[in-house]
Amino acid sequence: YKAAEYIAKVFEESGVQPYGDSYFEWFNVTVPLVKSSWLITEDGRNFTIFPLYPNLVIPNTYISENWDEIVYVGKGNLEDFDGKNVSGKFVLMDYASGWNYYNALLFGAKGVIFVPETPDSIDRPESELKLTIVPVYFPKFYIPLEKGGREFLENVKRASVKGLKIKVHVIQEWESVKVANVVGFVKGQDPARSQSIVVVAAYYDAFSSVPSLAYGATDALGVAALLQLARFLAKNPPRYSVMLVALAGHYQGLWGAREF
């Protein structure tokens, strides 16, 4: 809610009025939320772990009943599985591996944990390939390098073919949450034309293949331009009225735009 509050604050400080009694237009949207997540190795080391976006509709929830095994498979190419039995085990795979986690699924692995072997391997095209478009129960997780990923990667590599024992506890659930479009209004200066309203909109939410790490660097460009336009129009009102709309729910089927 901090982003919505910030946008409303900029509108108010710039002199942009709310359209109606409030800047906020509230509605509910369904999103995947992480309730708890941790990973521990058999030697007692704890690591931060993040679930990826659900497999179409199936959340990446997994709770180890006993010790699970994890085996390193590099980039997940077919030859990376030579001599390794991954059936019923987790696999550790380089994030820069495209769709190769499907190979692990076909070989009977119970899930995959991604760690980027180099920081520059994380980009949008690579992340889009991590979105599973079929409703299959195959938990996918991510450990950033700065959150212990490098240490975890080396530990699993050292364990080699035999694998490392781990326990995973991740609960990811779909939940309906309350969000808001933020709507500002600049009254036009021409009495004859101010009854007509020009709508300028930009979304302000962000998306990531790892929902808990949706930083929104590129997603912020549109709403940043919208706020700058708000500052300008408040000081230089046009002949027509202008409605400035910061939309939520963009990545949930344009939910905010449809609510508006």
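The cluster map of Ile, Leu, Val, Met, Phe, Trp and Tyr, joined by side-chain heavy atoms under 4.5 Å apart, puts Ile166 and Leu92 in the same cluster. Linking Ile, Leu, Val, Met, Phe, Trp and Tyr whenever their side-chain heavy atoms come within less than 4.5 Å puts Phe90 and Leu164 in one cluster. Val71 is not connected to Val156 by any chain of hydrophobic side-chain contacts under 4.5 Å among Ile, Leu, Val, Met, Phe, Trp and Tyr, and they are in different clusters. Connection of Trp38 to Leu33 is not established within any shared hydrophobic cluster, with ILVMFWY side chains joined at heavy-atom distances below 4.5 Å, either directly or through further cluster members. Under the 4.5 Å side-chain contact rule for hydrophobic residues, Leu244 and Tyr240 share a cluster.
Summarising the geometry, atom OH belonging to Tyr72 is positioned 13.5 Å from atom CZ belonging to Arg158; distances are rounded to the nearest 0.5 Å. For the atom pair NZ of Lys165 and CH2 of Trp67, the computed distance is 9.0 Å after rounding to the nearest 0.5 Å. Atom CG of Leu145 is separated from atom OG1 of Thr118 by 8.0 Å, given to the nearest 0.5 angstrom. Rounded to the nearest 0.5 angstrom, Glu154 CD and Arg150 CZ are separated by 8.0 Å. Taking CG of Asp120 as the start and CD of Glu126 as the end, the distance is 11.5 Å to the nearest 0.5 Å. Rounding to the nearest 0.5 Å gives a distance of 4.5 Å between NZ of Lys89 and CD of Glu69.
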* Asked: Where do Ser64 and His169 land on the side chain to side chain donor-acceptor pair (under 3.5 Å) test, with the steps shown first?
  -> CA-CA 6 Å; Ser64 297; His169 180 102; over 6 Å; no

* To do: With side chain to side chain contact (heavy atoms under 4.5 Å, CB included) as the test, would you mind laying out the steps for Asp219 and Tyr251 before giving the verdict?
  => CA-CA 11 Å; Asp219 292 303; Tyr251 289 102; 2.5 Å; yes

* Check the pair Val136 / Tyr102 against side chain to side chain contact (heavy atoms under 4.5 Å, CB included), numbers first and verdict last. => CA-CA 11 Å; Val136 59; Tyr102 282 110; 5.8 Å; no

* **Residue pair Val245, Tyr204: steps toward the side chain to side chain contact (heavy atoms under 4.5 Å, CB included) verdict** => CA-CA 10 Å; Val245 187; Tyr204 71 92; over 6 Å; no

* Check the pair Phe260 / Met243 against side chain to side chain contact (heavy atoms under 4.5 Å, CB included), numbers first and verdict last. => CA-CA 12 Å; Phe260 176 74; Met243 188 177 294; 3.4 Å; yes

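The shortest distance between side-chain heavy atoms of Val31 and Val179 does not fall below 4.5 Å. Between Val86 and Phe81 there is a side-chain heavy-atom pair separated by less than 4.5 Å. Val242 is listed as a side-chain neighbour of Val200, based on a closest heavy-atom distance under 4.5 Å. A 4.5 Å side-chain heavy-atom check between Ile49 and Val170 finds at least one atom pair inside the cut-off. Considering only heavy atoms from C-beta on, Val186 stays 4.5 Å or farther from Gln17 through its side chain. The shortest distance between side-chain heavy atoms of Val183 and Pro18 does not fall below 4.5 Å. Side-chain contact between Thr41 and Leu39 is present, with heavy atoms from C-beta onward closer than 4.5 Å. Taking the side chain as every heavy atom from C-beta outward, Asn60 and Phe138 never approach each other to under 4.5 Å.
Nearest heavy-atom pair across Asn28 and Ser176 is CB-OG, 3.4 Å. Annotation for Ala246 and Ile7: closest pair CB-CD1, 3.8 Å, computed over non-hydrogen atoms. Scanning both residues, Asn181 and Ala248, for their nearest heavy atoms gives OD1-N, 2.9 Å. Closest heavy-atom contact between Gly184 and Phe11: N-CE1, 3.6 Å. The minimum heavy-atom distance between Asn100 and Gly76, with the atom names listed, is CB-O, 3.4 Å. Across all their heavy atoms, Ser208 and Leu213 have their closest contact at OG-O, 3.6 Å.
Put simply, the side chain of Trp99 gets close to the backbone of Leu129: a donor and an acceptor are under 3.5 Å apart. The backbone N or O of Tyr137 sits nowhere less than 3.5 Å from a side-chain atom of Asn55 that would complete a donor-acceptor pair. Between the Asp80 side chain and the Gly74 main chain, no donor and acceptor come within less than 3.5 Å of each other. With Ser241 contributing its side chain and Ile197 its backbone, the two residues share no donor-acceptor pair below 3.5 Å.
With Lys140 as the fixed residue, the side-chain contact (heavy atoms from CB on, under 4.5 Å) test singles out one of Ile113, Val210, Val112: Val112. For the pairing with Phe47, the side-chain contact (heavy atoms from CB on, under 4.5 Å) check across Asn155, Ile40, Val168 returns one residue only, Asn155.
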Without placing hydrogens or testing angles, list every side-chain donor-acceptor pair under 3.5 Å for residues 220-229, not counting sequence neighbours.
unit_1: Gln228; atom_1: OE1; unit_2: Arg231; atom_2: NH1; d: 3.2

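Partners of Lys35 according to the side-chain hydrogen bond (donor to acceptor under 3.5 Å, both in side chains) rule, which considers only residues two or more places apart in sequence or in another chain, are Glu175. The side-chain contact (heavy atoms from CB on, under 4.5 Å) check on Pro59 picks up Thr61, Gln172, Trp174, with sequence neighbours excluded. Partners of Arg258 according to the side-chain contact (heavy atoms from CB on, under 4.5 Å) rule, which considers only residues two or more places apart in sequence or in another chain, are Trp255. Annotation: side-chain contact (heavy atoms from CB on, under 4.5 Å) contacts of Asn236 (sequence neighbours excluded): Phe232.
For Tyr62 and Phe141, the gap between ring centers reaches or exceeds 6.0 Å. For Tyr142 and Phe50, the distance between ring centers is not under 6.0 angstrom.
Side chain to side chain, Asn103 and Asn77 fail the donor-acceptor criterion of an N or O pair below 3.5 Å. Defined by atom type and a distance below 3.5 Å, a donor-acceptor pair is missing between the side-chain atoms of Ser87 and Asn85. Looking only at atom types and distance, the side chain of Tyr101 has a donor-acceptor partner in the side chain of Thr132 under 3.5 Å away.
Counting only residues at least two apart or on different chains, no side-chain hydrogen bond (donor to acceptor under 3.5 Å, both in side chains) pair has a member in residues 185-198.
Aromatic ring pairs are classed by plane angle as parallel below 30°, tilted from 30° to 60° and perpendicular above 60°; the pair Trp26 and Phe24 is tilted. Aromatic ring orientation, Phe185 versus Tyr19: tilted (interplanar angle from 30° to 60°).
Under the 4.0 Å criterion applied to side-chain N and carboxylate O atoms, Arg124 and Glu128 are assigned as salt-bridge partners. Salt bridge status for Glu65 with Lys167: absent, with no side-chain N to carboxylate O gap under 4.0 Å. With respect to the salt-bridge test (charged N to carboxylate O, under 4.0 angstrom), the residues Asp68 and Lys110 qualify.
Shown here is Ile133, whose CD1 atom has no more than 12 heavy atoms of other residues, nucleotides or ligands within 6.0 Å.
Cation-pi check for Lys130 over Tyr95 is met; the charged atom lies under 6.0 angstrom from the ring centroid and within 45 degrees of its normal.
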